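Only a predicted model underlies this, so the values are computations on that prediction, with no experimental measurement involved.
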Amino acid sequence: VQLQAYGGGLVQAGGSLRLSCVASGRTFSNYVMGWFRQVPGKEREFVAAINWSGGMTYYADSVKGRFTISRDNAKNTVYLQMNSLKPEDTAVYLCAAESSKNPANFGNRYSLESQYGYWGQGTQVTVSS
């Protein structure tokens with residue numbers, strides 16, 4: 001599956017952005033989707049994950065209550081709505097996919113980048129103070 005992320009940009013602290021990641025090449029509804037972020041010189045950080053149906057989601061503590069992950073399987077797209085943005089949210093945001101419909105231990109499994117076999121290119125999000 002090929003992944004293409006969109007929607008990054010420059011926003012002031014307290015503002016909002018919505019990222020989109022469009023998938024092509026395979027049956028999108030078979031995939032767990034995740035968002036990660038990376039700052040140069042630091043390890044890639046988990047942000048959020050959503051199961052194949054959208055019925056299960058999981059968030060990093062740092063974004064819980066501010067970010068919302070969702071998906072539209074008819075449009076082969078996963079979204080990340082980011083509200084109340086902070087300067088520390090500045091990063092390249094990447095979407096990832098893994099073929100799975102197994103709900104077991106969803107959060108612990110899909111917060112790990114090693115669980116994802118497919119990655120898109122990133123989109124830069126910059127939050128100014």
Side-chain angles (χ1 to χ4, degrees):
V1 62
Q2 292 79 46
L3 305 172
Q4 181 77 38
Y6 301 93
L10 174 64
V11 64
Q12 288 189 329
S16 298
L17 280 175
R18 188 175 82 157
L19 306 184
S20 302
C21 175
V22 180
S24 61
R26 298 288 177 94
T27 304
F28 180 69
S29 60
N30 288 342
Y31 287 80
V32 171
M33 300 298 297
W35 285 98
F36 288 75
R37 64 189 182 186
Q38 191 159 23
V39 175
K42 294 188 176 182
E43 291 189 357
R44 192 170 292 177
E45 177 189 17
F46 169 75
V47 176
I50 189 166
N51 78 327
W52 67 275
S53 68
M56 296 178 68
T57 58
Y58 188 73
Y59 297 92
D61 287 343
S62 59
V63 307
K64 202 172 294 183
R66 300 187 298 122
F67 291 10
T68 302
I69 189 171
S70 61
R71 67 190 295 159
D72 185 336
N73 286 345
K75 295 182 178 180
N76 289 357
T77 302
V78 62
Y79 304 99
L80 186 69
Q81 177 67 44
M82 305 185 295
N83 298 329
S84 302
L85 282 161
K86 304 175 181 180
E88 52 263 42
D89 295 318
T90 295
V92 173
Y93 283 71
L94 305 102
C95 57
E98 179 60 22
S99 178
S100 175
K101 289 190 173 182
N102 183 357
N105 205 22
F106 178 78
N108 288 335
R109 288 179 64 189
Y110 293 106
S111 61
L112 302 175
E113 62 176 295
S114 61
Q115 293 296 312
Y116 294 88
Y118 303 92
W119 292 83
Q121 95 300 342
T123 185
Q124 176 71 46
V125 172
T126 303
V127 184
S128 63
S129 58

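- Residue-environment remark: NZ (Lys75) stays at or below the threshold of 12 foreign heavy atoms within 6.0 Å.
- Among residue pairs with one or both ends in residues 46-58, none qualify as salt bridge (charged side-chain N to carboxylate O under 4.0 Å, His left out); sequence neighbours excluded.
- Counting only residues at least two apart or on different chains, no disulfide (SG to SG under 2.5 Å) pair has a member in residues 96-129.
- A chain of hydrophobic side-chain contacts below 4.5 Å, direct or via other Ile, Leu, Val, Met, Phe, Trp or Tyr residues, connects Val78 to Tyr118.
- A disulfide (SG to SG under 2.5 Å) check over residues 97-129, counting only residues at least two apart or in different chains, returns nothing.
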Listing, residues 49-62 side-chain donor-acceptor contacts under 3.5 Å, not counting sequence neighbours, or none:
unit_1	atom_1	unit_2	atom_2	d
Asn51	OD1	Gly54	N	3.0
Asn51	OD1	Gly55	N	2.9
Asn51	OD1	Met56	N	2.9
Asn51	ND2	Ser53	OG	3.4
Ser53	OG	Gly55	N	3.1
Tyr59	OH	Ile69	N	2.9
Asp61	OD1	Lys64	NZ	3.1

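- Between Tyr31 and Ala97, the shortest heavy-atom distance links the atoms CD2-CB, 3.9 Å.
- Within the structure, the disulfide (SG to SG under 2.5 Å) test picks out no pair touching residues 45-88 (sequence neighbours left out).
- When the side chain to side chain donor-acceptor pair (under 3.5 Å) test is applied to Arg71, the partners found at least two apart in sequence or on another chain are Asn73.
- Here salt bridge (charged side-chain N to carboxylate O under 4.0 Å, His left out) pairs that include residues 113-129, with residues two or more places apart or in two chains, are Arg44-Glu113.
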Would you tabulate the side-chain donor-acceptor contacts of residues 16-30 under 3.5 Å, counting partners in other chains and residues two or more places apart, or write 'none'?
unit_1	atom_1	unit_2	atom_2	d
Ser16	OG	Asn83	OD1	2.9

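- Using modelled atom types, no side-chain atom of Ser100 and backbone atom of Glu98 make a donor-acceptor pair closer than 3.5 Å.
- Gln38 has its side chain out of reach of Phe36: every pair of non-hydrogen atoms, C-beta onward, lies at least 4.5 Å apart.
- For the side-chain contact (heavy atoms from CB on, under 4.5 Å) with Leu80, the lone residue among Val63, Thr68, Val47 that qualifies is Val47.
- With sequence neighbours excluded, no residue forms a side chain to side chain donor-acceptor pair (under 3.5 Å) with Asn102.
- Sorted pairs that involve residues 54-86 and meet disulfide (SG to SG under 2.5 Å), not counting sequence neighbours, are lacking altogether.
- Counting heavy atoms from C-beta on, the side chains of Arg109 and Gln115 come closer than 4.5 Å.
- Every pair passing side chain to side chain donor-acceptor pair (under 3.5 Å) that includes a residue from residues 84-97 is listed here, sequence neighbours excluded: Arg37-Asp89, Arg37-Tyr93, Arg66-Asp89.
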Distance-only check: which donor-acceptor pairs under 3.5 Å involve side-chain atoms of residues 119-129, not counting sequence neighbours?
unit_1	atom_1	unit_2	atom_2	d
Trp119	NE1	Tyr116	O	3.4
Gln121	NE2	Ala5	O	3.1
Thr123	OG1	Gly8	N	3.0
Gln124	NE2	Ala91	O	3.4
Gln124	NE2	Thr126	OG1	3.3

